[in-house]
Amino acid sequence: SRARFIQSNRTLMRMNHGARVENGVTSNDESVVYDLDQVEFLNQAHAVEYGERHRATSPTEMGREHAHEGLDSQSRSLGLLGSRRTHFPVRPSAVSTDSFVSRRSLASSATDTVKWMTESVAVAARPYIQQEESRIHVPKYLYRRKCQMACSAFFVAIFGVTGITLFESASKLTEHHIDYTHQHSWRRLDIDEAMPTALLVWYDIPEFYVNHKRFIESKDERIMRTLMNSVSCEDGNFEDLWRRLGVDGTKDPTAAFLEFRSLPQAEFVPCGLIAMSIFTDEPVLKSQDEGLPIVHIDKSDVALTKDVNIFRDRVVDVSDYEEHDFEVRGKGSTEQSKSWLSKGSKGSSFEQFKVWYRQSAAPHVRNLYGKIKEGLPAGTYNVTFPVNSPIWVRDWKVPRKSFIIGTVGSFGNIGACYLLGGLAFTLVGFQLIIGVVFLVI
């Protein structure tokens with residue numbers, strides 16, 4: 001603030017009298033040039049007085065007092081408020097003997113200049129009075145070229161190692177796709193290398209728009225509610241079963257709730273379009289080598305833990321004392337309704353329903369179907385489909401259906417490893433571009 005005040009004082013004094021100053025000497029005989037050494041001395045004294053006043057008063061009071069009292073002291077120091085013969089000090093060698101300035105005009109000009117400068121300094125110094133300038137310069141160092149290049153090199157190394165690790169893990173994983181439609185009764189599966197570890201089985205349905213808003217909101221409110229959207233069974237009640245079964249009930253004979261279609265005044269529970277479109281296909285694997293049993297696919301414990309907690313108190317198992325397996329009741333309610341859910345008949349096990357009730361975020365459905373715990377030896381297998389719904393390809397225009405058998409590593413299946421590895425290498429390229437930019441600039 002002091003250095004700023006001194007510089008401003010010098011410049012304003014020169015500009016005020018219209019003099020073109022060169023090394024302290026004027027080229028205009030009609031102007032008066034101040035003695036710069038004396039002005040600098042007065043400025044330093046004024047700055048000291050300004051600092052002492054700042055410690056004793058608030059910013060508002062300081063500015064007010066400085067504008068009035070400081071003006072008098074400054075003018076008095078310059079000799080403007082003395083006797084009638086007192087004049088502003090000048091350099092005799094630079095001014096002719098007959099170049100004198102009247103007391104009134106000089107006092108008026110200098111008074112306005114000093115007054116303006118004192119108010120400007122008070123305003124400029126106000127932010128520093130409220131909060132001192134930080135002396136820590138570490139954050140600023142982060143924006144320097146070398147630091148940015150070092151950060152880019154660090155992230156290139158981290159993401160590069162991550163991408164290589166993920167791609168290496170993906171190279172050790174295998175997947176076998178079994179594509180089929182409702183016109184296929186069986187498909188052939190060739191396994192060249194043995195898969196001794198536990199395997200996972202998924203079903204894959206492309207171009208099925210389960211992420212549509214109308215589809216997502218079509219749920220049974222007794223089972224699941226959402227925070228942002230309301231749910232209802234509109235277009236997904238008992239009278240709407242023709243969407244899946246047809247008018248005569250033969251459109252999809254594999255539907256698990258087919259037996260409820262003929263019941264009078266029956267209630268479709270759980271209701272909604274999600275429940276109505278449940279995937280019911282079943283694959284059966286058998287080796288062509290004689291003497292080997294049918295491969296067992298374990299379909300238990302395939303739902304997420306959070307999904308299991310949602311259904312725990314809302315879908316009740318009544319198979320021990322009722323002819324049907326499950327009844328549905330709302331949360332905190334004692335009234336129960338008979339459900340079409342079953343434990344395993346026709347591929348519509350309750351565990352599969354838990355998985356299906358969580359919609360995919362994309363119009364490509366890939367859900368976990370089961371597990372093959374003992375693995376598969378190398379050889380040729382026949383995959384038959386005792387339950388194969390025709391409605392997916394024929395009526396809902398899905399291009400195909402697939403079952404996928406594959407291994408899983410520490411970072412997930414082969415698709416997840418390739419996806420994350422590709423993302424890591426993309427970040428590597430981005431950091432390299434940043435590093436080159438800072439190197440050139």
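The first residue of the sequence shown is numbered 1, and numbering continues consecutively from there.
Taking the salt bridge (Lys or Arg N to Asp or Glu O under 4.0 Å) definition, one finds that Asp395 meets it with nothing, sequence neighbours left out. By the side chain to side chain contact (heavy atoms under 4.5 Å, CB included) test, Glu221 pairs with Arg225, Val231, sequence neighbours left out. Glu175 is linked by a salt bridge (Lys or Arg N to Asp or Glu O under 4.0 Å) to Arg366, counting only residues two or more places apart in sequence or in another chain.
Ring planes of Phe268 and Trp340: parallel class, angle under 30° (limits at 30 and 60°).
In this model, a donor atom of one side chain and an acceptor atom of the other lie less than 3.5 Å apart for Asn367 and Tyr203.
Using a cutoff of 4.0 Å between basic side-chain nitrogens and carboxylate oxygens, Asp301 and Lys371 are not scored as salt-bridged. Salt bridge annotation for Asp307-Lys354: absent, with no cationic side-chain nitrogen under 4.0 angstrom from a carboxylate oxygen. Ion pairing between Arg314 and Glu327 fails under the 4.0 Å rule for side-chain N and carboxylate O. In summary, Asp235 and Arg214 engage in a salt bridge, as defined by a charged side-chain N under 4.0 Å from a carboxylate O. Under the 4.0 Å criterion applied to side-chain N and carboxylate O atoms, Lys373 and Asp298 are assigned as salt-bridge partners.
Within the 3.5 Å criterion, the main-chain N or O of Ile434 finds no donor-acceptor partner in the side chain of Ser152.
Phe215 does not carry Lys213 over the face of its six-membered ring by the limits of under 6.0 Å from the centre and within 45° of the normal.
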